[in-house]
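A short worksheet on the structure shown next.
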Amino acid sequence: MTSKIRALNEELFQDFQQNKKVTTQNILTKLTKLRRELRKSINENKCSWCECDIDKFRDKKSRHEYLISGLCQDCQDATFKEAN
């Protein structure tokens with residue numbers, strides 16, 4: 001499952017980086033697929049990035065973030081780490 005999420009994420013990123021002339025419909029289709037896979041991951045109580053089973057979260061904000069991004073606590077910490 002995560003491989004689908006990563007592949008769709010990479011496709012969208014490459015489209016943006018290469019400034020491809022893509023249709024709005026094409027972008028919406030990819031985003032819809034990405035959201036569908038993300039929802040599956042959350043429903044299965046798995047991290048959308050590392051595929052680990054969801055154990056616990058530090059606080060209510062982190063749990064809420066999981067419902068948005070599907071990221072476990074460790075992936076959230078790595079993603080949102082403040083630059084020093």
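Bear in mind the structure is a predicted one, so any value in this text is a computation, not a measurement. Count residues from 1 along the sequence.
Rounding to the nearest 0.5 angstrom, the gap separating the SG atom in C52 from the CG atom in D74 is 7.0 Å. Taken from CD1 in I42 to CD1 in I54, the straight-line distance is 9.0 Å, to the nearest 0.5 Å. Rounded to the nearest 0.5 Å, atoms NZ (K56) and SG (C72) are 13.0 Å apart. Interatomic distance, E11 CD to L31 CG, rounded to the nearest 0.5 Å: 11.0 Å. In this structure, CG in L8 is found 13.0 Å from CZ in R6, a value given to the nearest 0.5 Å. Atom-to-atom distance recorded for Q73:CD and R58:CZ is 4.0 Å, nearest 0.5 angstrom.
Scored by the side chain to side chain donor-acceptor pair (under 3.5 Å) test, D59 finds S62 as partners (sequence neighbours excluded). Looking at residues two or more places apart in sequence or on another chain, you find no salt bridge (Lys or Arg N to Asp or Glu O under 4.0 Å) involving D55.
Counting only heavy atoms from C-beta outward, the side chains of E65 and F57 never approach each other to under 4.5 Å.
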Practice item. Would you please test E44 and D53 for side-chain contact (heavy atoms from CB on, under 4.5 Å) and show each step? Key: CA-CA 9 Å; E44 292 176 4; D53 291 327; over 6 Å; no
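The hydrophobic cluster containing L28 does not contain L34, counting ILVMFWY residues as joined when their side-chain heavy atoms lie under 4.5 angstrom apart, directly or transitively. Hydrophobic clustering keeps I68 apart from F80 (ILVMFWY residues linked when any side-chain heavy atoms are closer than 4.5 Å, directly or through intermediates).
I5 pairs with exactly one of E37, E10, E51, R35 by the side-chain contact (heavy atoms from CB on, under 4.5 Å) rule, that one being E37.
Of the possible donor and acceptor atoms, one in the side chain of S41 sits under 3.5 Å from a partner among the backbone N and O of K46.
Taking all atoms of both residues into account, the shortest heavy-atom contact from N9 to W49 is ND2-CH2, 3.8 Å.
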